[in-house]
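Take a look at the structure below.
Only this structure's heavy atoms are used, side chains among them; waters, hydrogens and symmetry mates stay out. Not measured: the values here are computed from a predicted model. Numbers restart at 1 for each chain; the letters A, B, ... are given by sequence-line order, proteins then strands.
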Amino acid sequence: MSHPYDPSSIEAKWQKRWEDAGVYKTDLKKKAKDPYYSMVMFPYPSGDKLHVGHWYNFAPADSFSRFQRMHGKQTFCPMGFDAFGLPAENYAIKTGVHPDASTRKNVETMITQLKRIGCMYDWEKMVNTSTPEYYRWTQWLFLQMHKHGLAYRKEASVNWCPSCQTVLANEQAQDGTCDRCGTTVVQKPLTQWFWNIKKYAEKLLKNLDDLDWPEKTKTMQRNWIGRSEGAEIEFGMQNAEFGITVFTTRPDTLFGATYLVLAPEHPFVEKITTKEQQKAVAAYLDSVKKKTEMQRTDLTKEKTGVPTGAYAINPATLEQIPVWIADYVLPTYGTGAVMGVPGHDERDFDFASTYKELRGSIRCVIAPDRKSADFSEHVYPGAEGTDQEIYEKILGGEQCWTGPGMLVNSDFLDGLTVADAMKKITAWLEDEDAGREKITYRLRDWLVSRQRYWGAPIPIVYDPEGNPHPVLEKHLPWLLPTDVEFKPTGKSPLYNSKEFRERTEKIFGKGWVPEFDTMDTFVCSSLYYLMYLQAPEIRNSEFGIRNEEKKKIPHSAFRIPNLVDPHIEKTWMPVSLYIGGPEHACMHLIYARFVMMALQDFGFVSHDEPFKKLVHQGLVTHKGAKMSKSKGNVVSPDSFIDRHGSDVFRMYLMFMGPFTDGGDWNDMGIKGIDRFVARLFRLFEEKVVQSAKSKKQKALSPALLSKLHLTIKKVGDDIAIFHFNTAISALMSLLNDLEKEESIDVETAQTIAKLLAPLAPHLAEEFWEMSGGKGFIIDQHWPAFDPKLLKSDTMTIVVQVNGKLRASLEVDAEASKEEILALAKAQENVKKYIESGIKKEIYVPGKLVSFVI
RNA sequence: GCCAUGGUGGCGGAAUGGUAUACGCGCGCGACUCAAAAUCGCGUUCCCGUAAGGGAUUGAGGGUUCAAGUCCCUCCCAUGGCACCA
């Protein structure tokens, strides 16, 4: 054991003192002068221990919050548990242990583990999303969405995982496999509840500009929302009353549209297919159904399709064009139908290359890179050169052109640029009542129904006719029944609860049935930042307690409280800093923003964005790979904490590299921090405490004092931008110098303790106490540096000849340019290089001299 | 394929266009010890040289500059994201 002290007893001692004094409790109601709401993404309470990833997220986040607190901010650091979800339910299926029991137990052990980190958590504000006190508000949110027309039911083909027996959100079924178990996802039609997040697409996109978030994350969200501007165009049908509407971002190419393609799922497919084509179409639809999402979206595969036999009319050319179906057209985007412009769209070009009958009609309507506006001929004429070659290639079906250019072969659009042509054709379409400007988003509405047990029941009941009705607020929490089997049957587990059905009939009447689905856990996590702020009197009100007890309260005593006290919300929202993994960039972080916006529109909160600043921690790997049980490379923090203590462990995590980069875990590296801490402890014992007793202390030398102030500056600057690694190395460097001193004065010692306080909170308290500090160090103010002291009285000037380093001089800080140049020329090792004469002299004050010869 | 970020000693990494390799790990030598561990001291980018010193070096190649890890161009590699969104 290398320690001159016992980390576990010191850490336990300070954790107890903090708790006894309640230093991390925040009175949310009290007027906060400078509130700082610091949040980390709350953990899922799994049966496994707290892992390195948790520490890597929570400990540096805590260090940053401590740093803020020492700058006079009133910090609020809550912690909670995202407790609903699949793992607990899967565990129940396997072992028969009720998810509520296992979750409560896991939460308890995790709290004990979390406390060992020594974070500034205010445990009084803890939330657990699986408790009725919490999910009563998740259900309240559903009712609000319903009341304001943002929740609706729709039968839709949904992602179904045959193994988990549940529906998955698009985000959970990426790549066509279940993100939990990896099973191939199939499509299944079900009636589901959706929330209309699309209504907020524009706002979700626009607000991003002003958020202090990583650019990368903002880009991902922009991409996810996927706004595109274009037009809807109506194509009339040959021999039919109705038309087909397509969406395109290139209405300017309308004269080049030589066919239409519908998604196989398009509702018109059956209607328009001719007798002759029925067999072929049916066969194609069948083959599409058999394809997995993976196969269908495989880009390397050749596009397939089949003609319907029907013909549409291009509103611009008035020509008849064939209507096909093909699975490269997505049913869920735009109108599920597109116009085929093989000359100017790569996908259409590919399709027409496969089906030669479509190729014959290829037209070139954009002349590449044509800059001049005086274009008079209808057929692109270029007698020679690349333009002509490209034109011929397009017509010959050898290539397509998607770049800029001039319109040709397009009647009244000829000679216009692409941008001008878009405006003109859109206006023309509107005049002709054949189309209109249109903005489309990729974002899809949020499917919130889950056919699972361990979630918040959707507070909806159905009358005997099957019409949905909201469960009144006074019946919340709409309790999750306990008399259920966990084995997946393909039906929602709640379907078999006798109590649930009886309860519904008792309250609403005979023949009424409850909604058997529960809510996506992302609903729970989209409002927890407000639940932390919920005043205890609201949480413990009649709405927070269980139904049995509620019956004792007279009906007139019910009042509808707000989710959160408006004063508290106004003061503390938005969250000042939110730290969590980048994997949530497009799910949780969009849903939470949507919910906040909706709540603002409903009048419950005053802000529209929940998270002002967002930071993603990096990933900690081991042996170059992501830690996982199956790879057997999981690092358990526990043995390291037992041996070295929390301070050393968290400092080592921060020392590995920049916080946002993560890093590869190495068992050996922690030794360096361990030695650093042990040496610090010895410094305090020997050079601070003992020398104070013998009154032998003397002030720091000017050079050391300058170094101390440089360190204060560097540590502060670095922590402010999450560069904990360089903050620590600056402290190490300072220690290297201080160890050479006989004694350290108390003021210097206390400054060092303060610099250490965010990084090693327990030790810093100990050092503070050792050096005679009063109260807690976390209540001290961050030390200030004196700018005058940052400069030492000598400076090092390097001498370069033709860019090569030849000498280095130590000169007085006051030395003039002339003195320095003379001194530089006099250097032995410089003389021999400048003999041939100096062409140019460059002097960079305080840095270097450069001679050109 | 598209977009973004990055590539620096044996390793993790540090460097407002101005001393590349800080700080730490590891390693080598020495002190203490009967010995080991721990601790302390010295050294440690590579090549030549006892040394003084010289040369090379930030993925590869060009360019701008008195001066480039840093700025510009081309290419290679790695990671992350998107991927038929019409």
Side-chain angles (χ1 to χ4, degrees), chain A residues 1-4 174-175 214-217 219-220 222-224 226-228 230 246-251 253 257 261 263 296-301 303 326-330 332-341 344-348 350-351 402 440-444 582-583 585-586 618-619 652 655-658 660-661 663-676 678-679 682 723 725-736 739 796-808 828-829 832 838-853:
Chain A
M1 191 95 259
S2 67
H3 290 279
Q174 287 184 38
D175 309 324
E215 268 316 311
K216 205 175 158 170
T217 307
T219 306
M220 279 168 73
R222 286 189 188 108
N223 197 287
W224 193 259
R227 181 186 201 270
S228 39
V246 305
F247 172 74
T248 178
T249 53
R250 294 293 303 274
T253 63
V261 192
R296 185 162 168 182
T297 54
D298 186 358
L299 275 175
T300 58
K301 268 208 159 163
K303 293 185 179 20
D327 67 356
Y328 80 89
V329 177
L330 303 173
T332 48
Y333 183 77
T335 61
V338 303
M339 62 185 201
V341 187
H344 302 286
D345 182 279
E346 293 209 20
R347 296 149 305 192
D348 300 339
D350 287 347
F351 192 60
T402 57
T440 303
Y441 301 91
R442 271 198 234 189
L443 187 71
R444 296 193 211 168
E583 67 275 15
C586 285
L619 182 70
Y652 176 55
F655 188 62
M656 284 197 319
T660 50
D661 286 7
D664 199 58
W665 174 265
N666 179 332
D667 283 358
M668 299 302 285
I670 198 166
K671 259 190 171 177
I673 299 291
D674 204 63
R675 284 180 190 150
F676 167 61
R679 282 162 57 200
R682 265 183 237 117
H723 287 190
N725 54 333
T726 46
I728 293 169
S729 69
L731 285 168
M732 287 174 167
S733 178
L734 178 67
L735 174 65
N736 288 343
E739 277 180 329
T796 311
I797 303 290
V798 295
V799 186
Q800 292 180 351
V801 180
N802 275 1
K804 279 208 183 290
L805 180 71
R806 294 303 176 190
S808 143
E828 277 306 316
N829 202 40
K832 60 183 182 189
I838 297 168
K839 251 200 232 161
K840 196 173 174 186
E841 293 174 354
I842 292 153
Y843 173 61
V844 182
K847 289 266 167 70
L848 59 71
V849 172
S850 181
F851 295 123
V852 187
I853 58 155

Problem - Closest-nucleotide 5' rank along RNA chain B - winner of A:D664 and A:K840 - result: A:D664
Exercise for the section: Could you check A:T219 against A:G334 and say which one's nearest nucleotide on RNA chain B is further toward the 5' end? Expected result: A:T219
Problem - Presence of donor-acceptor pair under 3.5 Å, side chain of A:K303 and base of B:C84 - result: yes
Handout entry: Nucleotide B:C84, atom P - distance to NE2 of A:H344 in whole Å
Key = 23 Å
If you look at every strand shown and take non-hydrogen atoms under 4.0 Å, does [X] touch a base, only sugar-phosphate, or nothing?
| X | value |
| --- | --- |
| A:S228 | sugar-phosphate |
| A:V844 | base |
| A:P658 | sugar-phosphate |
| A:R222 | nothing |
| A:V329 | base |

Handout entry: Partners meeting side-chain contact (heavy atoms from CB on, under 4.5 Å) with A:A730 (sequence neighbours left out)
Key = A:T711, A:K714, A:V715
Problem - Residues which pass side-chain contact (heavy atoms from CB on, under 4.5 Å) with A:L805, listed by chain and number, not counting sequence neighbours - result: A:V798
Practice task
Side-chain contact test, heavy atoms from C-beta onward, threshold under 4.5 Å: evaluate it for A:I797 versus A:S808 and give yes or no.
Solution key: no
Handout entry: A:F851 side chain near A:I842 side chain, heavy-atom distance below 4.5 Å
Key = no
Handout entry: A:Y652-A:W665 aromatic ring centre distance below 6.0 Å
Key = yes
Problem - Six-ring centre of A:Y328, A:K303 cation under 6.0 angstrom, axis tolerance 45° - result: yes
Practice task
Applying side-chain hydrogen bond (donor to acceptor under 3.5 Å, both in side chains), name anything that partners A:T332, two or more places apart in sequence or on another chain.
Solution key: A:R444
Close N/O contacts between protein and nucleotides 56-59 of chain B (under 3.5 Å):
{"residue": "B:A56", "atom": "OP2", "partner": "A:K804", "partner atom": "NZ", "Å": "3.0"}

Completion exercise
With B for base contact, S for sugar-phosphate-only contact and - for none (protein heavy atoms under 4.0 Å), nucleotides 19-30 of chain B reads B--BBSSS----
At a cut-off of 3.5 Å, list every protein nitrogen or oxygen paired with a nitrogen or oxygen from nucleotides 42-46 of chain B, distance to 0.1 Å.
none

